[in-house]
There are 2 protein chains.
Amino acid sequence: MSGLLERLRGRGWRMTSQRRVVAEVLDGDHVHLTADEVHARAVRRLPEISRATVYNALGELVALGEVVEVSTDGRARRYDPNAHRAHQHLVCSGCGTIRDVHPTGDPLAALPAEERFGFTVDTADVTYRGLCPACAPR
Amino acid sequence: MSGLLERLRGRGWRMTSQRRVVAEVLDGDHVHLTADEVHARAVRRLPEISRATVYNALGELVALGEVVEVSTDGRARRYDPNAHRAHQHLVCSGCGTIRDVHPTGDPLAALPAEERFGFTVDTADVTYRGLCPACAPR
DNA sequence: TCTTGACTTGGATTCTGTCCATTGTAGGAT
DNA sequence: ATCCTACAATGGACAGAATCCAAGTCAAGA
């Protein structure tokens, strides 16, 4: 339990039943749901919640820095609530499963100044791809 | 000139005027076009070419490994023909400009065995993000 | 030249995400 | 406890990206 709701309350995020449900659905480790998946789960608890509200809430959580957007496949964006601990993602090319992983070292350090072209680089998102044990060929 | 067309011919890719135009549009360095941009440029040379054909051709080029899909922003996928030379991408958070960059070392090496969870990991895609000189604050 | 399997077409469809005017409500003020 | 009001939720319309499909066309080998 990572206390997402408590943090949000502490930051003065106006709480509504809809927002609470979205935050509850997202809370946890190795969670990488699409907006539609979040909506589907939220509907179980609050049948009338609309898709627009879910999109709004997710957008704000991202703006607050409590959730990060992940786009590993060019399809639907996924939402990762584990924003307070730096990590990268390992994706199975077969089934699409996503795992949080922790590489050694700082990926930013691998980009030398002469490869920065005057940019002020501040993040490096790494997606490792391969086959999970279940999808590996015999 | 990277010889994309020659390679495709050599691999027995059935050539049509549509496929030739798509390959010609994509060929080059620092090319990161969306499917719609490819279509727009293809139309200049071959006015009747359809969107579906462009999508088909791009999908096959990706399957052949001659082009890689890049999804840096959760919006439209982009197509990068520079697949034969390992590189990563530096994206401006302001204007969306993309540059090919070459980090030092092998990003795969940073993921220790105990962080692979039995996956057979074969690629690491790195997206560096920051602001380009034109978008940097005063 | 003929034949055939592969390719192209464009319109329909699905999926993802945004917008907006209206209605509802959380939470501070009284 | 009640009232206010700024902020939030709603849902239907809309837009963008990508896929699907049945019918027509064509590249390339025989």
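Remember, it's a predicted structure, so these values are computed and weren't measured experimentally.
A heavy-atom distance below 4.0 Å to DNA chain C is reached by these residues of residues 37-54 of chain A, ordered by number: A/R51, A/A52.
Considering all non-hydrogen atoms of both residues, B/C92 and B/C132 come closest at SG-N, 3.3 Å. Contact detail for B/E115 and A/H102: the closest heavy-atom pair is OE1-N, 2.6 Å.
Toward the 5′ end of DNA chain D lies the nearest nucleotide of B/A76, the other residue of the pair B/M15 and B/A76 mapping further downstream. Comparing A/A57 and B/T16, the nucleotide of DNA chain D nearest to each residue sits closer to the 5' end for A/A57.
A side-chain hydrogen bond (donor to acceptor under 3.5 Å, both in side chains) with A/D100 is found for one member of A/H32, A/R85, A/Q88 and no other, namely A/H32. Partner of A/N82 under the side-chain contact (heavy atoms from CB on, under 4.5 Å) criterion, out of A/V68, A/D29, A/V67: A/D29 alone.
For the side-chain hydrogen bond (donor to acceptor under 3.5 Å, both in side chains) test, residues two or more places apart in sequence or in another chain that qualify with A/T53 are A/S50. Contacts of A/E66 classified as side-chain hydrogen bond (donor to acceptor under 3.5 Å, both in side chains), with partners at least two apart in sequence or in another chain: A/R7, A/R11.
Rounded to whole Å, atom P of D/dG16 lies 16 Å from atom OH of A/Y55. Note: CH2 (B/W13) to P (D/dA27) measures 14 Å, nearest angstrom. Computed from coordinates, the B/R78 CZ to D/dA17 C1' distance equals 13 Å when rounded to whole Å. Rounded to whole Å, atom P of D/dC26 lies 11 Å from atom CZ of B/R14.
For B/R9 and D/dA28, the shortest distance from a side-chain N or O to OP1 or OP2 is not below 4.0 Å. Close to D/dC26, at under 4.0 Å from its OP1 or OP2, lies no side-chain N or O of B/Q18. The side chain of B/R75 places no N or O atom within less than 4.0 Å of a non-bridging phosphate oxygen (OP1 or OP2) of D/dG16.
For the atom pair B/T72 OG1 and B/L90 CG, the distance stands at 11.0 Å (nearest 0.5 Å).
Each end of the helix from C/dT1-D/dA30 to C/dT30-D/dA1 gets its own axis from five base pairs, and the two axes differ in direction by 30°, given to 10 degrees.
Follow the hydrophobic side-chain contacts under 4.5 Å out from A/V91 and you never reach B/V126; the two are in separate clusters.
Counting heavy-atom neighbours within 6.0 Å of A/R75 CZ, excluding the residue itself, gives a total of 12 or less.
Listed by first and then second residue, the side-chain hydrogen bond (donor to acceptor under 3.5 Å, both in side chains) pairs that reach into residues 13-26 of chain B are B/W13-B/E60, B/T16-B/Q18, B/R19-B/E60, B/E24-B/R45, sequence neighbours excluded.
Closest to the A/R19 side chain, of the nucleotides D/dA27, D/dA9, D/dT19, is D/dA9.
With contacts defined as side-chain heavy-atom distances shorter than 4.5 Å, the pair A/D125/A/V70 does not qualify.
Mapping heavy-atom proximity under 4.0 Å, the span of DNA chain C touched by chain B runs 5' to 3' from C/dG5 to C/dG10.
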